Trainee: 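Sharing a structure below in structure tokens format, with a few things to ask.
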Amino acid sequence: DAKTTQPNSMESNEEEPVHLPCNHSTISGTDYIHWYRQLPSQGPEYVIHGLTSNVNNRMASLAIAEDRKSSTLILHRATLRDAAVYYCILRDDTNAGKSTFGDGTTLTVKP
Amino acid sequence: DTAVSQTPKYLVTQMGNDKSIKCEQNLGHDTMYWYKQDSKKFLKIMFSYNNKELIINETVPNRFSPKSPDKAHLNLHINSLELGDSAVYFCASSHRGSGNTIYFGEGSWLTVV
């Protein structure tokens with residue numbers, strides 16, 4: 001499986017935008033870029049995913065580099081409830097294979 | 001409605017016991033998974049079933065035996081529990097197409113004493 005690399009931790013102030021980077025230089029053509037987050041004492045939850053184009057949903061935006069070797073999850077206005085571990089993983093849509101979750105980025109939001 | 005539900009949520013048991021964790025998904029997905037998250041918070045896949053067929057079996061001790069009676073259920077049975085089995089176990093499901101998004105359960109906190 002293609003692997004991803006993320007910073008271990010990031011900090012943000014409340015109500016400011018947050019840009020969480022992810023590198024996936026060995027991404028294959030059929031891999032989708034997925035982001036999940038895990039709040040304390042909860043299971044990971046889906047945030048957003050994309051293939052080539054930038055994506056927006058009610059939770060966040062996903063900016064994908066033109067060569068697809070990196071992406072950025074954008075939280076437009078961080079709230080205290082966004083404090084979590086954010087995982088960037090690659091998922092092949094053509095099979096039910098495994099995806100490797102790395103250490104993720106621990107986001108701290110300061111009031 | 002809970003999409004992926006697993007029981008029990010908390011389980012404390014003694015070494016050497018046998019225990020099971022049950023999982024059900026009502027999303028109509030064709031693939032289900034078990035993940036283990038240890039004290040270091042690393043999330044690692046253990047098993048994956050597609051349409052009741054085992055397709056992924058990571059290097060997990062054979063004391064762990066998954067069972068999928070149907071597409072909507074994937075149970076995890078653990079024999080002869082050891083201290084190192086203490087962890088949070090997450091059940092998940094996904095469906096091919098539309099990016100193959102994974103939906104996780106809330107986790108089962110297993111403590112072996």
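All figures in this text were calculated on a predicted structure; none of them were measured in a lab. Order of the sequence lines fixes the chain letters, A, B, ..., with proteins taken first and strands second; residue numbering starts at 1 for each chain.
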Trainee: Does R63(B) CZ have over 12 foreign heavy atoms under 6.0 Å away?
Mentor: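 Yes, the 6.0 Å shell around CZ holds more than 12 heavy atoms from other groups.
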Trainee: Could you give the distance from CD1 (I48(A)) to OG1 (T101(B)), rounded to the nearest 0.5 Å?
Mentor: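 That separation rounds to 10.5 Å.
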Trainee: So for atom NZ, which belongs to K9(B), do other residues, nucleotides or ligands contribute more than 12 heavy atoms lying within a distance under 6.0 Å?
Mentor: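 Count over threshold, so yes.
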Trainee: Given that the side chain runs from C-beta out, which part of L51(A) has a heavy atom under 4.5 Å from chain B: side chain, backbone, both or neither?
Mentor: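 Nothing of L51(A), per the 4.5 Å heavy-atom cut-off to chain B.
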Trainee: Can you tell me how the ring of F104(B) sits relative to the ring of F101(A), calling it parallel under 30°, perpendicular over 60° and tilted otherwise?
Mentor: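 Ring orientation of F104(B) relative to F101(A): perpendicular.
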Trainee: Give a yes or no on whether V113(B) and L81(B) share a hydrophobic cluster (residues Ile, Leu, Val, Met, Phe, Trp, Tyr; joining criterion: side-chain heavy atoms under 4.5 Å apart).
Mentor: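 V113(B) does not cluster with L81(B).
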Trainee: Within the 4.5 Å heavy-atom criterion, are Q37(B) and Q38(A) side-chain neighbours or not?
Mentor: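 Of all side-chain heavy-atom pairs linking Q38(A) with Q37(B), at least one is under 4.5 Å.
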Trainee: Among E45(A), R91(A), H34(A), H49(A), find the one that has a side chain to side chain contact (heavy atoms under 4.5 Å, CB included) with I102(B).
Mentor: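 Going through the options one by one, the only one that passes is R91(A).
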Trainee: What about L39(A) and L80(A), same hydrophobic cluster or not, with Ile/Leu/Val/Met/Phe/Trp/Tyr joined at side-chain heavy-atom distances under 4.5 Å?
Mentor: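 Shared cluster, no.
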Trainee: Is it possible for you to say whether V18(A) and I74(A) belong to one hydrophobic cluster, with membership spreading through side-chain heavy-atom contacts below 4.5 Å?
Mentor: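 No, no single cluster joins them.
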